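Heads up, the thing below is written out as structure tokens.
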Amino acid sequence: MKDLLKQAMDDLRQRGVDYADARRVRGLSEILVMKNGTLETASTIESEGFGIRILKGGAWGFASSSELTREKVSEIAEQALGIAEASGTVGNPGITLDKRPPAVDTYTSEYREDPFEVPLAEKLEMLTAACEGMRRTEGVKLVTASTMNFRTEKLFVDTEGSAIDQTITEAGGGISATAVDDAGKRQTRSYPASFRGDYATRGFEFTRSLRLVENAERIGAEALELLNADECPAVNTTLIIGGTQLALQVHESCGHPIELDRVFGTEASYAGTSFLTTDKLGSFRYGSKVVNLVADATCEGGLGSFAYDDEGVAAQRTDIVRDGIFVGYLTSRETAPRIGLSSNGTMRASGWNRIPLVRMTNINLMPGEGSLEDLIADTEDGIFIDSNKSWSIDQRRVNFQFGCEIAWEIKRGKRVRMLKNPVYTGITPEFWGGCDAVAGPEEWHVWGIPSCGKGEPGQTAHVGHGVSPARFRNVEVGGKR
Amino acid sequence: MIDTKRLDVLLKETLANSPGDETELVARCGTNRLTRFAESVIHQNVSEEDCTVTVRVAVGKRTGVASTNRLEAGVLAEAVKQATEVAQASPEDPGFPGFQKSERAPEADTYSEATALMPPSARAEAIGRAVAIAAEKGATLSGAYRVSDFRFAVMNTSGTEQEYYGTDAFLSTYATDDDGVAGAAVAYAKGIDGIDVEATTRRAVDKCVAGADPVAIDYEPLDVIIEPKAVAELMSWLNFTAFGAKQVQEGFSFMTGRFGEKVMGDNITIRDDGFDTAGVPVPFDYEGVPKKPVTIIEQGVARSPVYDTLTAARDGAESTGHAGTAAFRGGPGPSNLFIEPGDKTNDELISMVDRGLLVTSFHYVNGLLDTRKALFTGMTRAGTFLIEGGKIVRAVKNLRWTDSMMRVFSNVDAMTREREVIGASWGAVGSVTSPTMLIRGFKFTGATEF
């Protein structure tokens with residue numbers, strides 16, 4: 001297939017296209033979801049195919065097929081060419097790409113234990129034991145334990161001479177317990193994060209390190225405790241946000257608004273645009289001086305790590321917010337030149353049948369100092385909140401509201417009571433402007449989110465967020481409305 | 001694309017040679033083509049042809065699933081082997097009812113040849129017309145125009161054999177002015193002859209023009225008129241959190257334990273009907289079970305969720321033909337949802353509001369705050385207008401709302417006679433056919449800067 005796609009690139013170059021690339025991708029997923037001791041989902045999913053993207057006359061065309069034959073490669077190249085020509089008939093966008101040397105390389109992400117080689121029985125035993133552990137608490141009615149494993153084999157070639165093979169392996173899992181009272185009221189606790197847990201660009205050793213079984217009983221007990229906890233009051237207060245929730249806060253209020261294609265309006269009709277317009281680059285105060293954010297596709301084991309993006313640009317680390325000032329975007333070969341820069345390698349496609357888009361890599365809040373307990377001890381009056389339950393943010397990423405699974409009231413530096421149904425809301429730059437402390441490296445963890453959505457047709461990206469718990473002043477916290 | 005006859009031979013051979021006690025094969029093959037435009041130029045333009053077969057094998061009461069798009073005899077046999085191994089290693093599900101034999105689903109009006117054959121040049125030409133309409137009013141246009149055609153087939157060792165050919169078409173238009181003020185409109189139909197590009201674009205452009213110079217208002221409970229696109233966004237979350245039997249059985253749905261009780265207003269009837277051509281028909285589900293009409297809410301009373309075979313067996317009921325893919329069991333869900341209309345016009349609804357808002361669409365609705373109360377949050381988007389004294393007086397900046405859908409749909413004062421079919425932007429056939437609604441006392445809880 002590599003030779004066929006290279007030949008297609010040669011042919012297209014001779015036919016005078018501005019640029020073309022081709023990707024052959026084979027994706028393999030294993031999904032195991034156990035609910036109350038029964039396997040709700042037990043599936044392996046394989047999807048393989050290729051796509052050809054052509055820039056001709058300043059306009060894009062893309063076609064793709066799951067049929068890997070010589071005839072189909074020719075047919076798809078013709079289709080993509082015809083689509084590019086059609087694209088150029090409506091106010092031709094005049095797209096040009098930045099210059100970069102071609103890359104020829106092979107990369108395989110590191111893992112110690114191949115998740116696809118671990119016996120199914122062993123994985124099921126782990127999930128079964130986790131379910132049993134959570135159900136030891138009376139009142140816990142619904143328990144879920146899951147693990148997902150992914151392998152993506154990618155070949156990239158282009159008309160500029162790049163030829164890159166990458167194989168990326170990812171793994172992880174999570175558990176959740178729901179306690180229900182006689183009136184049908186319910187509360188759920190999850191571990192290590194809600195919505196199927198935590199993931200990394202590693203092997204099954206990462207899943208083992210989560211210690212799902214060892215944490216199961218505690219999570220079940222917490223679910224019941226939460227069911228009987230007090231409602232979170234509506235109050236303007238100091239908020240300490242734990243890692244799993246802060247990862248999503250970074251994701252929604254920093255990660256998406258720094259996507260430069262979004263800034264230029266290409267998601268306007270769907271996911272939205274961004275308040276971080278280009279006039280703000282280098283001068284806008286995004287947050288307080290303790291807020292330092294980077295986009296780092298080289299972050300070891302991060303779910304947003306790789307060697308090359310899907311335009312053949314090497315993985316990079318880019319400052320996004322430095323000492324609170326907004327200084328960088330996620331860019332592509334198309335968007336970066338529009339602000340006088342070169343791509344920082346964030347174009348990613350979710351499969352062979354999708355074009356690459358500017359996507360998050362690992363968007364990391366850099367650590368400060370001290371532990372979570374130090375932060376709490378240093379807080380006179382406030383709330384500690386964690387584990388996402390709901391999320392919503394406006395189309396320019398300004399007004400947000402998050403609901404979480406759990407919170408604790410803090411009085412005089414101590415957690416004094418558990419609170420249920422906590423919700424907080426804010427305006428992005430005001431909120432980050434109120435950040436006065438970020439915990440240190442000992443609390444820092446890259447949380448893997450395998451479900452970041454963007455684009456039409458829809459694409460799901462695997463991204464990471466390195467964070468330590470952080471403290472925010474003057475946050476509007478409320479119970480359920 | 002693999003030809004139909006070769007695929008059928010492959011599927012039948014695979015079924016016959018499966019070592020499992022029971023085997024089910026689901027094939028979805030087709031082409032999706034989508035043209036995206038922004039700032040009045042086409043910036044993404046894509047085509048995809050794929051054929052995926054999902055194999056589900058039962059060994060006793062244990063099941064396993066494997067899915068592949070490599071359609072070769074050896075690969076499909078390997079998928080069957082994998083699914084069988086998963087099934088053998090799995091714990092028993094005592095509630096697994098086995099694969100059901102279903103009668104052939106009735107024919108449904110699901111296919112438009114012109115849609116299947118629409119070339120990229122025709123989509124570009126349509127978008128060119130739309131862009132010109134926006135330019136007349138000084139607006140730029142963004143959006144997407146998608147057409148899809150597919151064959152969907154289900155067969156199992158119990159004797160079910162279903163197939164249908166389908167198409168659908170989706171257009172979104174999003175007009176913006178120099179200040180970023182936006183207006184949105186969408187269209188969805190079985191085929192391109194149901195997509196009125198000009199009319200849809202004009203609606204978006206008119207909203208954009210009328211939306212100029214929005215002012216901030218205090219957020220408080222307000223009467224609100226929400227248009228079908230906004231209603232559909234609420235319904236899609238209710239589909240996910242409440243209307244399926246899995247959500248009901250797990251105690252996740254606001255309808256759990258409330259069947260036969262009033263959960264919404266007398267004027268709210270919500271039903272699903274896979275064969276109703278007022279929406280976009282879907283004749284059978286991922287288990288090959290023909291769609292049955294289901295009244296979910298009848299005059300405000302919770303009547304029934306939609307079922308697949310597993311959830312139906314748990315309740316001693318019959319599947320209503322609403323199973324989703326076995327590759328990831330999210331449970332059954334509606335596919336062609338209808339809200340019964342009222343008797344008003346849009347203007348009559350507006351005249352009934354002393355002080356309130358007209359909302360074109362919502363953004364980033366989330367229905368997970370408290371699913372038992374159907375407590376949702378979201379933002380208004382792309383056309384939010386203040387109504388005073390029965391008239392639209394000006395545009396306002398967008399607001400956040402947080403409210404219970406049980407309360408919201410108990411406070412619907414009136415609805416329009418006219419309904420609109422709202423669909424998804426990519427691939428998944430499914431629609432909500434809804435009127436515009438006047439809701440009293442909608443709870444707004446925050447504001448944004450634009």
Side-chain angles (χ1 to χ4, degrees), chain A residues 31 37-49 59-67 79 82-83 86-87 89-93 120-121 124 128 142 180 184-186 265-266 268-270 272 353 355 389-396 398-399 401 403 421 423 425 456-458 480-481, chain B residues 32 34 36 38-51 64-70 82 86 89-91 93 120-121 124 127-128 131 142-144 172 174 250-251 256-257 327-329 363-364 366 368-370 375 377-379 381 398 400 402 425-426 443 445-446 448-450:
Chain A
I31 305 170
T38 298
L39 262 184
E40 181 177 87
T41 295
S43 63
T44 57
I45 302 166
E46 177 192 42
S47 184
E48 182 173 16
W60 285 115
F62 174 82
S64 61
S65 174
S66 56
E67 204 173 314
Q79 267 189 36
I83 291 171
S87 299
T89 61
V90 180
N92 189 307
L120 182 63
L124 296 180
T128 302
L142 190 68
V180 184
K185 290 182 179 168
R186 48 193 279 141
T266 58
S269 64
Y270 185 61
N353 50 357
I355 56 169
K389 186 159 77 173
S390 77
W391 60 99
S392 176
I393 190 165
D394 72 43
Q395 71 265 30
R396 293 186 195 169
V398 178
N399 177 304
Q401 185 200 85
N421 300 320
V423 175
T425 187
E456 294 171 295
K480 289 187 295 187
R481 305 275 172 175
Chain B
N32 293 307
L34 183 142
R36 271 186 119 186
E39 300 285 318
S40 295
V41 300
I42 293 174
H43 66 100
Q44 292 171 11
N45 205 347
V46 301
S47 171
E48 166 199 359
E49 54 179 56
D50 193 12
C51 188
V65 177
S67 167
T68 184
N69 68 346
R70 291 169 58 208
Q82 265 184 0
V86 171
S90 300
D93 181 353
S121 57
I127 292 164
V131 163
S142 302
S172 68
Y174 193 83
E250 292 181 358
T256 302
F328 198 95
R329 289 190 73 91
H363 179 78
Y364 226 135
N366 191 297
L368 297 174
L369 272 169
D370 185 340
L375 185 69
T377 189
M379 299 291 302
R381 183 178 185 184
N398 289 298
R400 173 169 295 286
T402 308
S425 68
W426 184 251
K443 289 185 180 175
T445 55
T448 192
E449 296 173 347
F450 55 91

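Source: prediction; values computed, not measured. Every chain is numbered from 1 and lettered A, B, ... according to where its sequence line falls, protein lines coming before strand lines.
For the set A/Ala86, A/Ser64, A/Ala121, the entry with the most heavy-atom pairs within less than 4.5 Å of chain B is A/Ser64. Ranking A/Thr89, A/Leu39, A/Val90 against chain B, the residue ahead of the rest is A/Val90, based on heavy-atom pairs under 4.5 Å. Per-residue heavy-atom pair counts under 4.5 Å with chain B were compared for A/Gly91, A/Ala42, A/Gly82, A/Gly272, and the maximum is reached by A/Ala42. Here B/His363 is the residue among B/His363, B/Met379, B/Arg329 with the most heavy-atom pairs under 4.5 Å with chain A. Considering only heavy-atom pairs separated by less than 4.5 Å from chain B, the leading option among A/Leu120, A/Val180, A/Thr128 is A/Leu120. Counting heavy-atom pairs under 4.5 Å between each of B/Gly64, B/Ala66, B/Ser121 and chain A puts B/Ala66 at the top. Chosen from A/Gly403, A/Ala59, A/Pro93, the residue pairing most often with chain B at heavy-atom distances under 4.5 Å is A/Pro93. The choice from A/Gly61, A/Gly37, A/Gly184 that makes the most heavy-atom pairs within less than 4.5 Å of chain B is A/Gly184.
Looking at B/Asp93, the atoms closer than 4.5 Å to chain A (heavy atoms on both sides) sit in the backbone and in the side chain alike. Residue B/Glu39 touches chain A through its side chain alone, counting heavy-atom pairs closer than 4.5 Å. Of the two parts of A/Ile31, only the side chain, counted from C-beta on, holds a non-hydrogen atom closer than 4.5 Å to a non-hydrogen atom of chain B. Both the backbone and the side chain of A/Ser47 come within contact range of chain B, each with at least one heavy atom under 4.5 Å from a heavy atom of that chain. Only the side chain of A/Leu142 comes within less than 4.5 Å of a heavy atom in chain B; its backbone stays farther off. Of the two parts of B/Val86, the backbone and the side chain both hold a non-hydrogen atom closer than 4.5 Å to a non-hydrogen atom of chain A. Within the 4.5 angstrom heavy-atom criterion, atoms from both the backbone and the side chain of A/Gln395 approach chain B. Only the side chain of A/Ile355 comes within contact range of chain B, with heavy atoms under 4.5 Å apart. Only the backbone of B/Ser40 has a heavy atom closer than 4.5 Å to any heavy atom of chain A.
A donor and an acceptor atom, one from each side chain of A/Asp394 and A/Asn399, are nowhere located under 3.5 Å apart.
With sequence neighbours left out, B/Thr377 forms a side-chain contact (heavy atoms from CB on, under 4.5 Å) with A/Ser392, A/Gln401, B/Asn366, B/Leu369, B/Arg400, B/Thr402.
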